[in-house]
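Since the structure comes first, as C-alpha cells, the remarks are kept for the end.
To find a chain, count down the sequence lines: A is the first, B the second, and so on, and within it residues start at 1.
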Number of protein chains: 2
Amino acid sequence: MALCEQKTQLSAEEHMLLDHQVCFPLYSASNAVVRTYRPLLDKLDLTYAQYLVMMVLWENDGISVKDIGARLHLDSGTLTPLLKRLEGKGLVERGRSEQDERVRVLKLTEEGTGLKKEALQVPAQMKCKIQLDLDELITLKKLCEKIVATL
Amino acid sequence: MALCEQKTQLSAEEHMLLDHQVCFPLYSASNAVVRTYRPLLDKLDLTYAQYLVMMVLWENDGISVKDIGARLHLDSGTLTPLLKRLEGKGLVERGRSEQDERVRVLKLTEEGTGLKKEALQVPAQMKCKIQLDLDELITLKKLCEKIVATL
DNA sequence: GACAAGTATATTGTGTGCAATTTATTTTAT
DNA sequence: ATAAAATAAATTGCACACAATATACTTGTC
C-alpha cells in the first residue's frame with residue numbers, strides 16, 4: 001500500500017511505485033527478521049514458526065491447536081504439520097483432551113521444557129542485530145499490533 | 001526479539017514472553033497484510049509476490065532476475081519459479097541478454113503492461129483496509145526500511 | 001435418542017522464501 | 001590462449017502460510 005510524504009496528493013500512477021509502498025518494507029522487514037533468526041535458531045534446531053509455538057507452550061503448556069492458532073494467528077493447515085515436526089524432535093506430545101476428543105492438547109516433554117534454557121539467549125542476540133532504539137522498537141511494535149488488530 | 005517498556009530491565013525469562021516480542025507483531029502484521037491483499041489481487045490473478053515483481057517491471061521493464069532480486073530482496077530460488085508462472089499467464093517473456101547469455105531478461109507482454117491499469121486501484125483499497133494515519137504509515141515505513149538496511 | 005448444526009483438527013494443493021548445490025557463461029590471471 | 005575464479009540462473013529440498021475441503025466428534029433441537 002502506498003503513501004505520499006512530500007506532496008499533498010499522489011496520482012494512482014505514483015502510488016504504484018515501489019518506493020511509495022508501505023506494505024513492501026513491512027514484508028521485506030519480516031522476511032529479513034526471519035532470515036536473521038535462522039542461524040540463531042539453528043542451534044536449537046527450530047524454525048522461527050516453531051520457536052513461536054514453543055514460546056506459546058513455555059508460557060501455556062497443555063493448550064490446544066486452536067488456542068495456539070489464536071495466539072499466533074496461524075491455522076491448523078500450518079500448525080498440524082509443524083506440531084508433528086516438534087513431536088518428531090521429541091519436544092512435544094500430541095495428546096487429546098479428555099473432555100473433548102476433538103481437541104488436540106500439546107504437552108511439552110522434558111526435553112521441550114529444557115530447551116527454554118538455551119532459548120533464553122536468543123532475544124538479546126536479536127536485539128543486538130536489529131539495532132533499533134528502545135523507543136523505535138516500541139513504536140514499531142505498537143504500529144504492527146494496530147495493523148494486526150485492524151485487519 | 002523482546003523489549004521492556006515499563007520497567008528499567010527485564011529478565012531473560014521475561015524477554016521470552018510473546019507479549020514482549022517485537023518481531024512477532026512484525027511477522028504477524030506482514031502475514032496479515034499479505035492475507036488482506038489476496039482477495040484484491042485475486043481479481044488480477046496475482047499473488048502478492050507476483051504483484052511486487054510486476055510493480056518492479058512496470059517501473060523498469062526488461063531488467064534481469066538479479067536486478068529484480070536486488071530490488072525485492074528475493075533470490076533466484078524464489079524468483080525463477082515465480083517468473084515462470086508469470087510467463088505461463090502470458091504477462092512476461094523470459095528472454096536472454098544479448099551481451100551476456102547468463103542473464104535472463106524479463107520483458108512485459110502487452111497483457112502484462114495492460115494489467116497495470118487494473119492494478120492502479122489496489123493501493124487505495126489497501127490504504128482503506130489498513131486504517132493508519134499518514135504519519136503512522138510514514139513512521140512504520142521508515143522503521144521497516146531501517147531494519148531491512150541493517151540486517 | 002436421532003439428526004442437524006456446529007466445532008476442532010487434519011488433509012490437500014498452491015505458492016512462496018531460502019539455503020545449498022549445480023549448470024552455464026563470462027572474466028581474470030597467467 | 002587457456003585454466004581458474006567469478007557470476008547469473010536454475011534446481012533441489014524443506015518448511016511455512018493459507019484457502020478449501022474433509023473427517024471426527026459434540027452440542028443443540030425436536
For [X] and [N], what is the distance between atoms [atom1] and [atom2] respectively, to the nearest whole Å?
X        : N      : atom1 : atom2 : answer
B:Leu151 : C:dG17 : CG    : P     : 17 Å
A:Asp100 : D:dA24 : CG    : C1'   : 10 Å
A:Tyr27  : D:dA17 : OH    : C1'   : 12 Å
B:Tyr51  : C:dT16 : OH    : P     : 15 Å
B:Leu106 : D:dA8  : CG    : C1'   : 13 Å
B:Lys66  : D:dA6  : NZ    : P     : 14 Å
A:Leu26  : C:dG17 : CG    : C1'   : 16 Å
A:Asp67  : C:dA8  : CG    : P     : 9 Å

Practice task
Kindly determine whether B:Glu111 and B:Thr109 satisfy side-chain hydrogen bond (donor to acceptor under 3.5 Å, both in side chains), including the steps that lead there.
Solution key: CA-CA 5 Å; B:Glu111 201 186 333; B:Thr109 63; 5.2 Å; no

Exercise for the section: Check whether any side-chain N or O of A:Arg35 sits under 4.0 Å from OP1 or OP2 of C:dC18, and answer yes or no. Expected result: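 Yes, within the criterion.
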
Measure the shortest side-chain to side-chain distance between [X] and [Y] over non-hydrogen atoms and say whether it is less than 4.5 angstrom.
X        : Y       : result
A:Val53  : A:Val92 : no
B:Leu86  : B:Leu83 : yes
A:Lys84  : A:Thr80 : yes
B:Leu115 : B:Leu46 : yes

Exercise for the section: Please figure out whether A:Val103 or B:Leu74 has its closest DNA chain C nucleotide nearer the 5' end. Expected result: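 Residue closer to the 5' terminus by nearest nucleotide: A:Val103.
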
Practice task
Tell whether A:Arg102 reaches the base of D:dT26 with its side chain through a donor-acceptor pair below 3.5 angstrom.
Solution key: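 It does not, because no donor-acceptor pair links the side chain of A:Arg102 to the base of D:dT26 below 3.5 Å.
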
Practice task
State whether the number of non-hydrogen atoms from other residues, nucleotides or ligands found under 6.0 Å of B:Lys116 atom NZ is greater than 12.
Solution key: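 Count over threshold, so yes.
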
Practice task
For the pair B:Tyr51 and B:Tyr37, name the ring-plane relationship: parallel under 30°, tilted 30 to 60°, perpendicular over 60°.
Solution key: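 Plane angle between 30° and 60°, so tilted.
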
Handout entry: Out of D:dA19, C:dA19, C:dT9, whichever nucleotide has its closest atom nearest the side chain of A:Arg38
Key =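 Nearest nucleotide to the side chain: C:dA19.
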
Completion exercise
B/S/- along nucleotides 10-15 of chain D (protein heavy atoms under 4.0 Å) is BB---S

